[in-house]
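Heavy atoms only: backbone and side chains are in, while hydrogens, waters and symmetry mates are out. These numbers come from a predicted model, not from an experiment.
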Amino acid sequence: TADLRVLSGPPRRRHFAWTALRRPSFDRVVGGFDVVHMSSPAMTVPTKRPLVVTVHDLFPLEHPDWYDRVSRWGFLRGLDYAVDHASAFITPSDYVRGLVVDTLGVDAHRVTVIPEGVSGSLAVPAVRPEGAGRPYVVAVGALIARKNLDVVIDAMAQLPPGPATPQVRIVGDGPDRARLQA
């Protein structure tokens, strides 16, 4: 069973206190749990309980120019905490697993790959009703350079035109919106 708890107080202040001071302990604030999951190193959660950390990428290390100083600092501080305290790591791919092992020096036995997405009965191909229009490809996310939406647009533009050629539908917002629309 899941137990949802809402923490009081300003989230930014709590995030800063956890990241900078590693206080107060999550255990003291929330209590009554067995395992803590940090869904990203960008959000340090100080705890004495078993800790599992999901690392989606190491972009702040690989592309520091994509992030402001405070975001990079928080990510690096969270990574340091995770490397020192996590019982286990989850990555979405073998590639990111390799980065965590090679770049951060984490023992390979502590890192498990769990691909993102769906499988099994949830991976049902979409069925388009007869006459429902052209198929389409959807890209959802922040409209920023690092998402490489230019590559999606360029690739789709190289397909031969016709009623079976998918359209691109991009959902999101960000500083690259006008450029991508053009």
Side-chain angles (χ1 to χ4, degrees), residues 1-120 122 139-149 170-177:
T1 64
D3 181 18
L4 177 64
R5 298 182 192 190
V6 178
L7 303 180
S8 62
R12 284 182 159 212
R13 184 178 295 163
R14 181 175 44 254
H15 183 188
F16 178 77
W18 281 349
T19 302
L21 309 172
R22 297 193 174 139
R23 289 186 175 81
S25 159
F26 190 72
D27 311 22
R28 196 179 89 209
V29 174
V30 178
F33 56 89
D34 298 317
V35 176
V36 174
H37 175 229
M38 274 174 44
S39 59
S40 165
M43 179 56 146
T44 302
V45 181
T47 181
K48 291 192 181 346
R49 303 287 182 155
L51 176 66
V52 178
V53 179
T54 297
V55 179
H56 298 277
D57 58 59
L58 294 180
F59 285 168
L61 292 175
E62 297 175 295
H63 304 283
D65 53 309
W66 290 354
Y67 299 87
D68 63 60
R69 184 176 50 87
V70 173
S71 297
R72 279 192 319 271
W73 171 81
F75 188 86
L76 295 174
R77 182 99 170 133
L79 272 180
D80 287 344
Y81 184 84
V83 168
D84 291 344
H85 294 88
S87 301
F89 289 83
I90 297 170
T91 64
S93 66
D94 286 324
Y95 175 77
V96 177
R97 180 181 189 272
L99 289 176
V100 169
V101 171
D102 297 339
T103 305
L104 303 179
V106 173
D107 186 299
H109 298 301
R110 289 171 56 198
V111 187
T112 302
V113 175
I114 301 176
E116 296 171 339
V118 297
S119 63
L122 297 176
V140 180
L143 304 184
I144 53 180
R146 73 174 190 246
K147 298 294 183 178
N148 286 326
L149 292 171
I170 297 175
V171 180
D173 201 4
D176 283 359
R177 173 180 276 291

Exercise for the section: Look at the aromatic rings of W66 and H63 and report parallel, tilted or perpendicular, splitting at 30° and 60°. Expected result: parallel
Practice task
Applying side-chain contact (heavy atoms from CB on, under 4.5 Å), run through L76 and L61 and close with a yes or a no.
Solution key: CA-CA 8 Å; L76 295 174; L61 292 175; 3.0 Å; yes
Handout entry: Any side-chain donor near an acceptor of the partner, H56 and S40, under 3.5 Å
Key = no
As an exercise, state the distance from [atom1] of [X] to [atom2] of [Y], rounded to the nearest 0.5 Å.
X	Y	atom1	atom2	answer
T47	F33	OG1	CZ	4.0 Å
T44	D80	OG1	CG	9.0 Å
I90	E116	CD1	CD	10.0 Å

Looking only at atom types and distance, does a side-chain atom of [X] sit under 3.5 Å from a main-chain N or O of [Y], one as donor and one as acceptor?
X	Y	value
R14	P24	no
R49	V36	no
R97	V111	yes
R110	A86	yes

Exercise for the section: Mind running side-chain contact (heavy atoms from CB on, under 4.5 Å) on L79 and L58 for me, showing each step along the way? Expected result: CA-CA 9 Å; L79 272 180; L58 294 180; 3.9 Å; yes
Practice task
Could you go through the side-chain contact (heavy atoms from CB on, under 4.5 Å) check for L99 and T91 one step at a time?
Solution key: CA-CA 10 Å; L99 289 176; T91 64; over 6 Å; no
Exercise for the section: Validate the cation-pi geometry between R146 and F59: distance from NZ or CZ to the six-membered ring centre under 6.0 Å, angle to the ring axis within 45°. Expected result: no
